[in-house]
Undergrad: 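Quick one: the structure is below, and I'll ask about it shortly.
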Number of protein chains: 2
Amino acid sequence: MEKAPRQMLDRATWIKSATAMLADSGPEGVRVELLAKRLAVTKGSFYWHFKDRQDLLTEVLQFWKEGRIRDIIKQTQASPGREREQILHVLDVYAANRNRKGIPIELAVRDWARRDLQVAGVVAEVDATRFNQTRRLFLACGLDEAESAARSTLVYAYVFGISLLTPETLGTDAEACRRQIAELITRDLE
Amino acid sequence: MEKAPRQMLDRATWIKSATAMLADSGPEGVRVELLAKRLAVTKGSFYWHFKDRQDLLTEVLQFWKEGRIRDIIKQTQASPGREREQILHVLDVYAANRNRKGIPIELAVRDWARRDLQVAGVVAEVDATRFNQTRRLFLACGLDEAESAARSTLVYAYVFGISLLTPETLGTDAEACRRQIAELITRDLE
DNA sequence: TCGATTCAATACCCTGGCGTATGGAAAAAG
DNA sequence: CTTTTTCCATACGCCAGGGTATTGAATCGA
């Protein structure tokens, strides 16, 4: 009936560390030996917990997917009548400096998806969930189907696009710029 | 005083092929031996034309930068009074299916920039040029400084973001969606 | 106490890929 | 017709990194 000493390393630990490595080195950058060194063990440990490198990557992807879906559902919960605020909240959370560490992961996964069909499928699932959740909010604000779809698309294109742009490009008044864009996207909403 | 037979392979040929390889395999994916095989020669040739792999990558980046700057200047030329059309033209060129092969390169370079300061610097230059050129157009349409900066930012965030989203997410009426977004971005312009 | 199980270390093998050194053919220069 | 220069092939050294096999040391269950 203990919990600390035994189970020194479990799959979850490897997965989290691998996710960090994915974020700043891309999928090709997650090397099992480097990972082992970072966790202060050797390959021997890794190949006990995982079948092979692909096994780890698959888990990383799954881990990411579940986290993203949980997050978007949480961020788009709105009490009736406050849908507009909720959209602004989403823009705030994803486009601003919050969620700092999420951005590199998001970008790495999306780049990964360009070269791996399985990954592309998962990203598509996440995108669909985000798109639908946000579209619901626009619909609740009185926009028609087409307009809701368009703005929802714009929300995510903007959010991911902004994280792709180099920081200096945004200039010093990034905050003001952000607010103005949010205003434009949520125009004519009740 | 001849030009055809001699100089079977020049640097430009290697650079173009490497750019293609960069587009669909990332910077780590451009291998000199693979590249040589693709050009039906061996490494021996490569190391005659280039000092090393880094030399090639540097040239690829430079090649990309010059092309992008030339392109954005061309796309943002507007005769006085037709600036709004020109903005719509930019949105059309970059967000639609045209310029198909440019998108993977753009994404690969941007991902590359996340892990290489030199690359990040070049991307920043390109971004700045694009940003300023488009901002000029908005200013000419009567928008103030802040609004012009915001919309110019939105244009590129949208353009790059849309290429990051999975195609299926956009649904079947992508064209209508595109038009609606373009309408929103160019609202209140004279 | 004593196997059985869990987790990790060590020692290998093998491949891919960078860079170098050297050789060779073909064209250009003389 | 030589000689030099240009361009590419061949062969090699080297290292990083994936995967396997084996050993070893704890811990658990009995």
Side-chain angles (χ1 to χ4, degrees), chain A residues 1-63 108 111-112 115-116 118-119, chain B residues 1-63 108 111-112 115-116 118-119:
Chain A
M1 200 185 282
E2 70 292 339
K3 48 186 67 167
R6 210 61 226 270
Q7 196 82 350
M8 329 191 54
L9 247 55
D10 52 357
R11 284 173 70 99
T13 305
W14 287 96
I15 292 169
K16 285 181 186 175
S17 193
T19 301
M21 196 172 261
L22 168 69
D24 53 51
S25 307
E28 287 81 19
V30 14
R31 317 273 191 204
V32 332
E33 291 182 323
L34 254 170
L35 213 51
K37 183 171 291 182
R38 184 171 301 188
L39 295 178
V41 291
T42 63
K43 291 197 298 186
S45 174
F46 177 85
Y47 285 98
W48 193 88
H49 291 284
F50 297 87
K51 179 180 173 296
D52 53 21
R53 186 170 163 277
Q54 184 54 50
D55 185 17
L56 171 66
L57 289 176
T58 303
E59 290 294 305
V60 167
L61 185 62
Q62 198 63 22
F63 180 75
D111 199 68
W112 187 11
R115 300 191 263 285
D116 189 307
Q118 176 130 15
V119 179
Chain B
M1 202 182 284
E2 70 294 338
K3 50 186 67 168
R6 210 60 225 267
Q7 197 82 350
M8 330 190 54
L9 246 56
D10 52 358
R11 285 174 69 99
T13 305
W14 287 95
I15 292 169
K16 285 182 185 173
S17 193
T19 300
M21 196 172 260
L22 168 69
D24 53 50
S25 307
E28 286 81 20
V30 14
R31 316 275 191 206
V32 333
E33 292 182 317
L34 253 171
L35 213 51
K37 183 171 288 182
R38 184 169 301 189
L39 294 177
V41 290
T42 64
K43 291 197 302 185
S45 173
F46 177 85
Y47 285 98
W48 193 89
H49 291 285
F50 296 88
K51 177 181 174 295
D52 53 21
R53 186 170 163 277
Q54 184 54 51
D55 185 18
L56 170 67
L57 289 176
T58 303
E59 291 293 306
V60 166
L61 185 62
Q62 198 62 24
F63 180 75
D111 199 69
W112 187 12
R115 300 191 265 285
D116 189 307
Q118 176 130 14
V119 179

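Given the structure is predicted, the values throughout are model-derived calculations rather than measurements. Lettering follows sequence order; numbering is per chain, from 1.
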Undergrad: What are the residues of residues 17-25 of chain B, sorted by number, that bring a heavy atom to within less than 4.0 Å of DNA chain C?
TA: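 Here the set is empty: none.
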Undergrad: If the plane angle is over 60° it's perpendicular, under 30° parallel, otherwise tilted; pick one for A:Trp14 and A:Phe50.
TA: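 Geometry flag for A:Phe50 against A:Trp14: perpendicular rings.
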Undergrad: Identify the heavy atoms of B:Leu22 and B:Pro27 that sit nearest to each other, and give their distance.
TA: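 For B:Leu22 versus B:Pro27, the nearest heavy atoms are CD1-N, 3.3 Å.
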Undergrad: N/O contacts under 3.5 Å, protein versus nucleotides 20-23 of chain C?
TA:
none

Undergrad: Please enumerate all residues that pass salt bridge (charged side-chain N to carboxylate O under 4.0 Å, His left out) together with A:Asp52, with sequence neighbours excluded.
TA: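 A:Asp52 satisfies salt bridge (charged side-chain N to carboxylate O under 4.0 Å, His left out) with no residue once adjacent residues are dropped.
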Undergrad: Which pair of heavy atoms, one from B:Glu59 and one from B:Ile15, lies closest together, and at what distance?
TA: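 Shortest heavy-atom separation between B:Glu59 and B:Ile15 comes out as CB-CD1, 3.5 Å.
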Undergrad: Taking for each residue the nucleotide of DNA chain C bearing the nearest heavy atom, is the 5' side occupied by A:Trp48 or by B:Glu28?
TA: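 In this pair, the answer is A:Trp48.
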Undergrad: Judged by each residue's nearest nucleotide on DNA chain C, which is more toward the 5′ side, A:Glu33 or B:Val32?
TA: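 Between the two, 5'-proximity favours A:Glu33.
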Undergrad: Can you measure A:Arg31 atom CZ to C:dT15 atom C1' for me and round it to whole angstrom units?
TA: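 Distance, rounded to whole Å: 13 Å.
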Undergrad: Do any side-chain nitrogens or oxygens of A:His49 fall under 4.0 Å of OP1 or OP2 in C:dT6?
TA: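 For C:dT6, neither OP1 nor OP2 has a side-chain N or O of A:His49 closer than 4.0 Å.
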Undergrad: Of all the heavy-atom pairs spanning B:Ser17 and B:Arg38, show the shortest one and how long it is.
TA: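 Reported closest heavy-atom pair: OG-CD, 3.8 Å.
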Undergrad: If you count heavy atoms of other groups shown closer than 6.0 angstrom to CD of B:Gln118, is the number above 12?
TA: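 Not buried by this count: 12 neighbours or fewer within 6.0 Å.
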Undergrad: Rounded to whole Å, how long is the line connecting atom CG of A:Leu56 with atom P of D:dG18?
TA: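 That distance rounds to 10 Å.
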Undergrad: Take atom CZ of A:Arg53 and atom P of D:dG18, then tell me their distance rounded to the nearest Å.
TA: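 After rounding, the reported distance stands at 6 Å.
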Undergrad: Rounded to whole angstrom units, what separation is found between the NZ atom of A:Lys37 and the P atom of C:dT10?
TA: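 In whole Å, C:dT10 P lies 13 Å from A:Lys37 NZ.
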Undergrad: I need the minimum non-hydrogen distance between B:Met21 and B:Arg31, along with the two atoms involved.
TA: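 Distance-wise, the nearest heavy atoms are SD-N, 3.8 Å.
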Undergrad: Please report, rounded to the nearest Å, how far the C1' atom of D:dC14 is from the CG atom of B:Asp52.
TA: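 Spelled out: CG on B:Asp52 to C1' on D:dC14 is 16 Å.
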Undergrad: Can you tell me the distance, in whole Å, between the CZ atom of B:Arg11 and the P atom of D:dT6?
TA: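 Atom CZ in B:Arg11 sits about 15 Å away from atom P in D:dT6.
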Undergrad: If I take atom CG in residue B:Leu35 and atom C1' in nucleotide C:dG17, what distance separates them, rounded to the nearest angstrom?
TA: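 In whole Å, C:dG17 C1' lies 13 Å from B:Leu35 CG.
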Undergrad: Without hydrogens or angle criteria, can the side chains of A:Asp55 and A:Thr58 be said to hold a donor-acceptor pair below 3.5 Å?
TA: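 No, A:Thr58 and A:Asp55 have no side-chain donor paired with an acceptor closer than 3.5 Å.
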Undergrad: Compare every heavy atom of A:Arg53 with every heavy atom of A:Val30, then report the nearest pair and how far apart it is.
TA: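 So the two residues come closest at O-NE, 3.0 Å.
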